[in-house]
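Lettering follows sequence order; numbering is per chain, from 1. What you see is a predicted model; the values in this text were computed from it and never measured. When reading the values below, keep in mind they use all heavy atoms of this one structure, side chains included, and skip hydrogens, waters and symmetry mates.
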Amino acid sequence: MKLYIADGNPHCIKVLAALELTGGTCDTAVVSHEEKVVPHFTRPVSPALLLPDGQHLFSPNSICQYLFDISGQKATDATNQWLEWEATNLQPAVLQSLHMVALQGKHVEAAAVMKEPLNWLEQSLSKKNTPFLTAVSPVHHKHTHLCLCEEPAVLQSLHMVALQGKHVEAAAVMKEPLNWLEQSLSKKNTPFLTAAEDGEHVMTVEEIEEAAQIWSEGLKGSPAVTERKHPVLPQEGKRNVLLTSALPYVNNVPHLGNIIGCVLSADVFARYGRLRGWNLLFICGTDEYGTATENKAREEGLTPQEICDKYHAVHADIYQWFQIDFDFFGRTTTERQTEIAQDIFWRLHGRGFLLEDTVEQLRCESCQRFLADRFVEGECPHCRYPEARGDQCDKCGRLINAVELRNPQCKVCKETPVIRSSKHLFLNLPKLEDELEQWLDKSTGSGDWTANARHITHSWLRDGLKPRCITRDLRWGTPVPHEEYKEKVFYVWFDAPIGYLSITANYTDQWEKWWKNPQQVELYNFMAKDNVPFHSVVFPCSLLGAQDNYTLVNHLIATEYLNYEDTKFSKSRGVGVFGDMAKDTGIPSDVWRFYLLYLRPEGQDSAFSWSDMALKNNSELLNNLGNFINRAGMFVSKFFDGCVPEMLLNEDDNRLIAQVRWELKQYIQLLDKVRIRDALKCILNISRHGNQYIQVNEPWKKIKGGDGDRQRAGTVTGVSVNVACLLSVVLEPYMPSVSHTIRQQLQAPPTCVSAMLQNTGTFICTLPAGHCIGTVSPLFQKLENEQIEVLRKRFGGQQPEEESAKVKARVETKPSAGAAQDASVNVNADPERAKQLTALVAEQGNKVRGLKAQKAEQSVIDEAVETLLDLKKQLSLAEGKNPEPAAQKRKKK
Amino acid sequence: MCQVSGVIKMALRELSSLERFLGLKKPNKYSSQGGKKVPVLQNNNGPALIGLVTIASHLVREAKRPELLGDSAERRAVVQQWLEYRVTRLDNCSKEEVKVILKDLNQYLEDKVYLAGNVFTLADILMYYGIHHIVVELAVQEKERYLNITRWFDHIQHYPGVRHHLPPVVVLRNRVYPSGHY
């Protein structure tokens with residue numbers, strides 16, 4: 001008997017739980033979602049159970065039934081009926097509502113879909129007046145429960161309706177199997193159910209007492225805050241965490257998706273880790289070598305080095321504005337990079353992990369260089385389309401090998417390139433495959449790898465590894481030190497990840513203490529999912545082959561994609577907000593961080609939307625979080641002369657403290673697993689609890705009452721302001737400035753941060769009676785509709801009309817190169833001109849693409865292309881002459 | 001009371017055919033419930049039973065023919081699985097889905113006489129009832145393509161006492177087994 005399960009498939013929970021419950025044993029294999037286990041099915045299904053007679057069970061309910069059957073519990077009419085109901089009513093409803101929530105964001109409709117099945121469940125439960133669905137045997141009712149609580153969404157909906165007080169029975173009945181499930185699953189380290197813990201946690205008496213006890217102990221003997229001292233180096237007896245964020249490519253201004261995908265996510269985790277007292281080093285830098293840089297340089301009339309210098313500063317500036325707290329933000333074009341890359345190369349070479357092969361390539365004699373695929377155009381060998389690109393034909397869509405093109409043309413000089421063979425070196429991945437798989441088993445088995453990282457890696461291995469070329473016929477790169485290849489440089493994929501090492505080496509001479517120290521160091525890599533194979537397969541192969549005791553990745557955290565208002569970010573179309581523009585919106589950096597983290601594409605793609613941003617700012621930050629913290633502080637100032645009053649805790653206060661403590665523990669559990677977005681919800685829950693607490697207890701009324709009432713008002717105010725202090729602590733990784741402001745307003749002791757984030761989370765009274773707070777003021781501002789509309793228009797791909805029309809008119813009347821350059825556009829003008837030109841370049845680019853797509857006459861296209869090149873030239877001049885290139889794009893009226 | 005829709009009429013006919021197959025003497029009373037028109041069995045000595053599979057399994061037990069639900073734990077699970085397949089996948093499936101189902105089922109039946117292997121079970125009866133409207137519509141070539149389904153289907157429709165309310169589907173043996181097929 002063998003059970004096949006897939007990660008993250010909720011149906012597998014039922015089966016695993018049934019297995020545990022019935023005490024059965026069977027081999028379990030984790031398969032990917034694409035793997036076909038049941039031979040007669042076209043589509044893969046999971047879970048599946050291979051029976052002793054060679055048949056497969058593919059329905060989770062039948063598998064459960066089977067497991068119960070062999071343990072001596074036969075099905076009855078009642079269990080049959082619940083299972084049938086689950087399969088025909090509940091499952092489809094859950095699926096539909098999940099779809100609505102996850103893909104369409106329709107929470108209200110999704111809840112409506114769940115209403116009927118939930119009502120039915122509720123009715124049945126209350127009718128029978130029993131806490132179980134079927135009263136057959138204690139095991140059997142669990143059996144049915146398991147099938148019901150398969151979906152986190154069901155639980156959430158249950159919790160939701162239960163909170164509204166309509167479905168008390170339904171929530172109560174789920175409690176027992178849920179607790180049980182959580183326990184048994186957490187033992188097994190299965191990541192399935194954690195999302196289900198979203199709803200209200202029901203507190204036990206012991207829990208409440210314990211929380212109150214810990215709270216009252218206060219801030220005694222908390223460890224002093226340790227200052228960060230550079231260079232940070234691994235220390236004996238500490239948790240040493242090395243954290244990298246994918247190196248952004250230097251010649252693109254990063255957009256919001258890039259920012260949330262790596263640097264911002266990594267920053268939250270780095271800040272969190274430091275607060276937790278880990279010895280942590282966070283490094284990143286710009287990836288600067290490669291064709292793209294060479295081309296950008298040609299476009300802008302600068303040298304590659306100048307391009308790198310210019311854009312490195314742009315990047316550094318953007319990240320600084322977003323408060324990304326790198327320990328070091330370096331670059332890949334350094335001496336150390338050459339040293340380390342060449343060392344790894346020689347080690348691979350010496351150990352026989354490199355292969356030699358000859359590759360045929362197109363070379364343009366007049367440009368004196370080998371042509372990268374997208375710099376050659378010609379006739380498609382399949383469909384004869386005349387403008388096929390070197391890698392793919394836009395008309396028939398087929399992939400092309402550049403040397404197969406008929407009548408190829410260099411896109412830069414229009415000359416005909418010739419085919420030259422060129423010798424290249426390949427990394428022999430197949431030879432390293434066994435070692436890689438062994439290491440992967442270990443790393444993915446013990447570390448936190450996101451589901452997409454596991455899948456992508458798995459599918460690469462499944463397809464089999466092939467040797468990969470590591471050299472390029474380029475100039476802008478790390479030179480290959482080998483005599484026979486001295487004209488060549490390393491291919492960026494080989495070179496760039498070595499940047500992590502060389503950037504660390506530029507930070508400290510003792511970089512090897514981090515990078516050649518897998519015994520002491522835990523390595524986290526943050527990236528978007530497109531980068532996964534390079535970090536999980538290719539780069540580890542380089543390091544394994546070099547055999548120098550390198551630190552390899554332990555935790556690979558990959559995000560999905562962030563879209564922009566239902567479309568993609570596009571620099572050329574001017575769609576979306578790019579890092580350098582966020583500042584100009586007038587929206588504070590912390591609010592940007594909050595919204596991006598709230599949207600973090602964890603598990604699935606998400607979309608940035610202006611109206612949603614306004615909504616979240618106004619509802620969550622302003623009305624929930626800000627409102628609570630401000631009220632708590634204001635009560636202290638107004639009613640108690642700015643000093644925290646005496647607190648005499650009663651049952652209600654203890655309950656709130658326990659609730660808050662539970663959320664804090666959740667927050668820590670989630671962040672330990674790098675569930676950044678989910679942990680943010682815990683923060684918002686804390687302030688929601690706080691608001692409810694204030695609302696119910698009405699300290700503003702009680703303060704006017706008799707002694708007892710005044711005493712009560714004091715306690716509620718004191719507890720609230722302490723919750724506010726905790727909020728400042730948990731907010732620190734997400735909104736560092738706001739967090740700081742809160743602590744300043746409350747004059748909170750600096751030790752409160754590390755004290756409360758110790759171990760599994762300790763909510764203590766950090767502002768005792770008599771503590772005096774500072775001046776309290778509002779933390780957030782409302783985002784008005786009009787303001788948001790203006791922003792939406794500004795970043796929607798259309799520039800403000802009058803402006804661009806003006807410039808366009810001037811340029812279009814003088815389309816020839818010389819004339820345009822002459823005077824019509826003042827290239828020395830303010831950076832705004834450069835911005836307008838950028839828009840024009842984008843527009844003209846679209847026009848050219850449009851013409852090509854419509855297969856307009858060549859002469860028309862040529863003319864349009866010429867105008868485009870012209871605009872680009874003007875743009876680069878406008879930008880190039882600016883003494884402070886990094887600042888130019890950000891200045892707006 | 002309310003108008004009985006086509007779907008529920010089918011389900012009720014199926015259940016009464018099943019009763020006759022099982023030789024149950026006095027016919028049961030059925031009604032339907034919910035937007036999806038699920039059959040309900042009003043039971044004198046217990047609560048009402050809801051759902052086609054639940055009721056059908058109940059009838060089989062009542063008729064003391066438990067072997068029709070499977071005579072071993074493995075077989076019981078396989079039978080339940082196909083019963084569930086019938087109500088979740090086969091019922092109300094889209095045109096596109098039909099093709100996938102036929103293809104999968106055809107492959108599944110390649111080495112089997114009945115759905116649960118070598119013995120006739122309730123799964124065969126309900127799958128036969130459920131797939132009848134699809135097989136009726138198949139062109140001769142399609143029947144040939146889904147050879148194993150056609151063979152199984154023909155087999156079940158000729159199984160004594162099963163067909164009852166449904167018209168027979170003609171299976172041309174000489175066309176279904178063309179000489180070149182071997």
**Request:** Any chance you could measure A:Ile63, atom CD1, to B:Gln80, atom CD, to the nearest 0.5 Å?
**Result:** 13.5 Å
**Request:** Measure across A:Tyr66 and B:Ala73 and return the closest heavy-atom pair with its distance rounded to 0.1 Å.
**Result:** CD1-O, 3.4 Å
**Message:** Only pairs of heavy atoms separated by less than 4.5 Å count here; which of B:Gly51, B:Ser72, B:Gly117 has the most with chain A?
**Reply:** B:Gly51
**Complete:** Across all chains, not counting sequence neighbours, the salt bridge (Lys or Arg N to Asp or Glu O under 4.0 Å) partners of B:Arg61 are A:Asp77
**Item:** chain B contacts, top residue of A:Leu49, A:Ile70, A:Leu57 (heavy-atom pairs, under 4.5 Å)
**Value:** A:Leu57
**Request:** Answer whether the closest heavy-atom distance between the side chains of A:Leu51 and B:Val78 falls below 4.5 Å.
**Result:** yes
**Asked** With a 4.5 Å heavy-atom cut-off, do A:His40 and B:Lys112 have their side chains touching?
**Response** no
**Item:** B:Leu105 versus chain A, the contacting section by heavy-atom distance below 4.5 Å
**Value:** neither
**Item:** Main-chain N/O of B:Leu49 paired to A:Gln81 side chain as donor or acceptor, under 3.5 Å
**Value:** no
**Complete:** Heavy-atom closest pair (B:Val53 atom, A:Glu84 atom, distance to 0.1 Å) is N-OE2, 3.1 Å
**Item:** Heavy-atom contact with chain A under 4.5 Å, split by part of B:Lys99
**Value:** neither
**Complete:** Heavy atoms of A:Asn80 and B:Ser57 approach each other most closely as ND2-CB, 3.9 Å
**Message:** Treating B:Gln81 as the side-chain partner and A:Phe58 as the backbone partner, does any N or O pair qualify as donor plus acceptor under 3.5 Å?
**Reply:** yes
**Request:** Any pair with a residue in residues 67-78 of chain B that passes salt bridge (Lys or Arg N to Asp or Glu O under 4.0 Å), sequence neighbours left out, goes on the list, sorted by first then second residue, please.
**Result:** A:Asp69-B:Arg76, B:Arg65-B:Glu67, B:Asp71-B:Arg75
**Message:** What's the separation between atom CG in A:Asn61 and atom CG in B:Leu83, rounded to the nearest 0.5 Å?
**Reply:** 12.5 Å
**Message:** If you compare all heavy atoms of A:Pro39 against all heavy atoms of B:Gln107, which two are closest, and at what distance to 0.1 Å?
**Reply:** O-NE2, 3.7 Å
**Item:** Which portion of B:Ala48 sits near chain A, non-hydrogen atoms under 4.5 angstrom
**Value:** backbone
